[in-house]
Amino acid sequence: MTPGGDAAMPSGLAARLSAIDEQIADAARTAGREPEEITRIVVTKFHPAELVRELHGLGVRDVGENRQQELSAKQSALSSLDLRWHFIGQGQTNKAAAIRRSADVVHSVDRDRFADALHRAADDDDRLDVLVQVNLTDDPGRGGAVPADAVSLAEHILALPSLRLRGVMAVAPLDEDPASAFARLREVAERVRTVEPSASWISAGMTGDFAEAIAAGATHLRIGSAITGPRPDRG
Ligand SMILES: *Cc1c(COP(=O)(O)O)cnc(C)c1O
């Protein structure tokens, strides 16, 4: 799954990456799924662009960032590399144009106005891949549309021609078994597919819960610290 690297003396990063990829493949087989249907996004937030370059050398092509400024800086520093940049953070309307310039996929569309701002920022015929972020907690501050609003948000996105709706995204609540939370996400994903059958992506699963996410049908995992190591302090 990850060409490159020195098998005799793998760096810590290479060893962690291949260990996680093995765990992903095991979890997929346990769930009766093919590992190839799952995209592993490495979340590189707070780490320097050099780490992203090293990951690219290990075969990583999908990377995730949750802050616009950091996304923009790393994407422009590494624009010569064939990487797909996934924006996974809370999106501010006034940052939408900058996010659109740097991201290939925006996972965190959680309200009509953010979708509108991303659409207004289109400057050519390009279509931006987007996901509806669903809030699986009772806390409105956590980001994401409430599950009952996901279909109407999906319909709003479908009316914006520069956006391509790919599916749904969520973060599991801290105080709930991730399996039950991801089961709710899967129901929302199925409802969204009734309005756009091609919107089949389910972005779910982080370091602590990716096996549960795979069991619940996740197609895109967002894994940070298990691969990158602990995030540097932002003191
Ligand atoms: C940071 C982050 C991740 C990765 O978290 P880890 O626990 O380090 O794997 C995934 N998704 C989102 C939205 C994040 O902000």
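If you read the sequence from its start, that first residue is 1, and numbering goes on from there. As the structure lists them, so they are numbered: ligands from 1, and atoms in each ligand from 1.
Of the charged side-chain nitrogens involved, at least one lies within less than 4.0 Å of a carboxylate oxygen, so that Arg186 and Glu190 count as a salt-bridged pair. Under 4.0 Å is where a charged nitrogen must lie from a carboxylate oxygen, and between Arg166 and Asp129 at least one such pair does.
In terms of the side-chain hydrogen bond (donor to acceptor under 3.5 Å, both in side chains) criterion, Arg113 has no residue partners (sequence neighbours excluded). For Ser108, there are no side-chain hydrogen bond (donor to acceptor under 3.5 Å, both in side chains) partners two or more places apart in sequence or in a different chain.
Separation of atoms CG (Leu165) and OG (Ser198) is listed at 7.0 Å; rounding is to 0.5 Å.
Among residues at least two apart or in separate chains, there is no side chain to side chain donor-acceptor pair (under 3.5 Å) pair with a member in residues 142-153.
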Considering only N or O atoms, set out every pair between ligand 1 and the protein closer than 3.5 Å, with distances to one decimal place.
| residue | atom | partner | partner atom | Å |
| --- | --- | --- | --- | --- |
| ligand 1 | 8 (O) | Ser225 | N | 2.8 |
| ligand 1 | 8 (O) | Ser225 | OG | 2.9 |
| ligand 1 | 8 (O) | Arg231 | NH1 | 2.8 |
| ligand 1 | 8 (O) | Arg231 | NH2 | 3.3 |
| ligand 1 | 9 (O) | Thr207 | N | 2.9 |
| ligand 1 | 9 (O) | Thr207 | OG1 | 2.5 |
| ligand 1 | 9 (O) | Gly224 | N | 2.8 |
| ligand 1 | 11 (N) | Arg222 | NE | 2.9 |
| ligand 1 | 15 (O) | Lys45 | NZ | 2.7 |

